[in-house]
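Values below: every heavy atom of this structure, side chains too, minus hydrogens, waters and symmetry copies.
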2 protein chains.
Amino acid sequence: MKYTGGAVILFGGGTEVAVAQTRVSTREVVLAAVGLFTEYGFERTTMDGIATATGVSRRSLFRRFGSKEDILFSEHDELFTTVVRYLDASPDDPLSAVRSAARMVFQGYLRDPGITLPRYHLVRAHPRLRDREVAMTARYQSAFSHYLTERVGTGLSLASGVVAASVIAAHNHVLRSWLRDPDEGVDAVWARFDDAMAYVSTAARPLLEPGAGAQSDRVLVALYPSGTDNGEVLRRIGSALDSDAT
Amino acid sequence: MKYTGGAVILFGGGTEVAVAQTRVSTREVVLAAVGLFTEYGFERTTMDGIATATGVSRRSLFRRFGSKEDILFSEHDELFTTVVRYLDASPDDPLSAVRSAARMVFQGYLRDPGITLPRYHLVRAHPRLRDREVAMTARYQSAFSHYLTERVGTGLSLASGVVAASVIAAHNHVLRSWLRDPDEGVDAVWARFDDAMAYVSTAARPLLEPGAGAQSDRVLVALYPSGTDNGEVLRRIGSALDSDAT
DNA sequence: CCGAATCATGGCATTCAGTGCCAGGATAGG
DNA sequence: CCTATCCTGGCACTGAATGCCATGATTCGG
């Protein structure tokens, strides 16, 4: 055994410096792996390479992370469990809770650009990693959907699935734009995120209202320019109701 | 070389019968592989095993399918390209075209229960395969989203993403229920599928209307029980408009 | 009908991810 | 101080995936 504890690694220069400490933290390993991936490509980077670069044995890497891909997404997994716990403990209005949860996920990306940004470029380049990333967001979507179904009733499971998918889609929409252009100001990104969430919430709210699931109910959605006179709106809705009379 | 052409395989009895023909069809290989997977489990089934069971060499299996997982999802890939081609050639109302495309996907599952049903159980059992399945639906969602954005204008890209996600969610909702209980009548399944599509279309349509993207516009969503008198609906909407007056 | 070019196939060797097994050192607990 | 438990690393092995090459099949021009 060469190391009795952790190691701080400097790569890029090729020199490795090991410092005896407690143990190599997960974050250190992830950062080192991300660096190797972006420099040499994902598949051309071997677990042996990561092992020698971090000072953690190949065997221990597999034990702690499970697989080479899992190194890239390990902190993402932690975030997921955090978000799920948060949801389970949310007695609030379900839709608001889901919005907050989505906000936590978004925050998880913004908080750690040193990992999420290079990972984004890796994910774009390798279909395999892309699938993995997609699977992650699908896990969030599934968690949101189950949470909503549980809170608003099983009669609205379809609506819950649609709303969860919409929230995730809006989240990813803003997230991708930031990943493509991370130089945008943080405030501006958050503003666009909140706008997107408000947008999708407005559209989703009525779907989750009690009684909205019954097929015998009717939903009326009217859309009109902001300049339209209220009376004109009422006239149009009235005619729509007449033509839709049962 | 042992075989000059295709092979028809009977497994379960363990006997393999090879018949000289053109070449082992993709479908035959997939069915054989699915049989082995369900019988022995996915990871315990080796490519060597599939090779000997089908009469196709291990090397050719990799060449034709790419990987062990890809054998399971190969016909799914074909369907995807078909759907994308269909979308590209659809000059219709974009939302209707997406609905039709979703219908094609659903049909793709119902048409071939001999593959999709055992695959569903495999996917449920193995997280890795589940990720793969999720990635497939994400590809559809992405294709739908891009198609919608292209047709309704880039100003509605967020709306396109949300609508695509909603359509996929509704599709998957009905699909999963069928996969769980495939004994349900085909007509009933299609009825529920069409209901779900109508449901999500109704909610999605206004999001894609021209001008809906501008923030200065207002959207009014009214929800009321089916028994409500039209006049009462108008009164409620009128009061809502008054309280929302700019 | 035949020769040549192209392509698909199979066999072989190699790399590397992932796992089981075991030994040694660290740590906690009595 | 001794022991039980846990974490780590080394070793060996399976199997997926790929590159290379030879061979057989197919197609096409003559």
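Counting heavy atoms from C-beta outward, Met104(B) and Tyr140(B) have side chains that stay 4.5 Å or more apart. Looking only at side-chain heavy atoms (C-beta outward), Tyr109(A) and Pro182(A) stay at 4.5 Å or farther from each other. Contact check for Met47(B) versus Ile71(B): side-chain heavy atoms found under the 4.5 Å cut-off.
For Arg58(B) and dA17(D), a side-chain-to-base donor-acceptor distance below 3.5 Å is present, hydrogens and geometry of angles not being considered. Below the 3.5 angstrom threshold, one finds no donor paired with an acceptor across the side chain of Arg44(B) and the base of dG15(D).
Between Leu61(A) atom CG and dT19(C) atom C1' the separation is 15 Å, expressed in whole Å. If you measure from atom CZ of Phe37(A) to atom P of dC16(C), you get 14 Å, rounded to the nearest angstrom. Rounded to whole Å, the distance from CZ on Arg23(B) to C1' on dT9(C) is 10 Å. Put simply, NE2 on His126(B) is 13 Å from P on dA16(D), counting in whole angstrom units. If you measure from atom CG of Asp48(B) to atom P of dG10(C), you get 13 Å, rounded to the nearest angstrom. With rounding to whole Å, Leu129(A) atom CG is found 13 Å from dA17(C) atom P. Here dG11(C) presents its P atom at 14 Å from CE of Met47(B), a figure rounded to the nearest Å.
Side-chain contact annotation: His76(A) with Glu133(A), donor-acceptor N/O pair under 3.5 Å absent. Of the N and O atoms on the side chains of Thr149(A) and Ser157(A), not one donor lies less than 3.5 Å from an acceptor on the other residue.
The pair Glu75(B)-Arg111(B) fails the salt-bridge criterion, with no side-chain N (NZ, NE, NH1 or NH2) lying under 4.0 Å from an Asp/Glu carboxylate O. Looking at Asp77(A) and Arg139(A), a side-chain N of the basic residue comes within less than 4.0 Å of a carboxylate O on the acidic one, giving a salt bridge.
For the contact set between residues 62-74 of chain B and DNA chain D, defined by any heavy atom under 4.0 Å, the members are Phe62(B), Gly66(B), Ser67(B), Lys68(B).
Within the 4.0 Å cut-off from OP1 or OP2 of dG9(D), at least one side-chain nitrogen or oxygen of Ser57(A) is found.
Distances from the side chain of Arg59(A) to the nucleotides dC21(C), dG11(C), dA17(C) place dC21(C) closest.
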Polar-atom pairs under 3.5 Å, protein N or O versus N or O of nucleotides 4-6 of chain D: list them with distances, or write none.
none

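Exactly one of Glu43(A), His121(A), Glu69(A), Arg132(A) qualifies for a side chain to side chain donor-acceptor pair (under 3.5 Å) with His126(A). That residue is Glu43(A).
Annotation: cation-pi geometry not satisfied between Arg128(A) and Phe42(A) (NZ/CZ under 6.0 angstrom from ring centroid, within 45° of ring axis).
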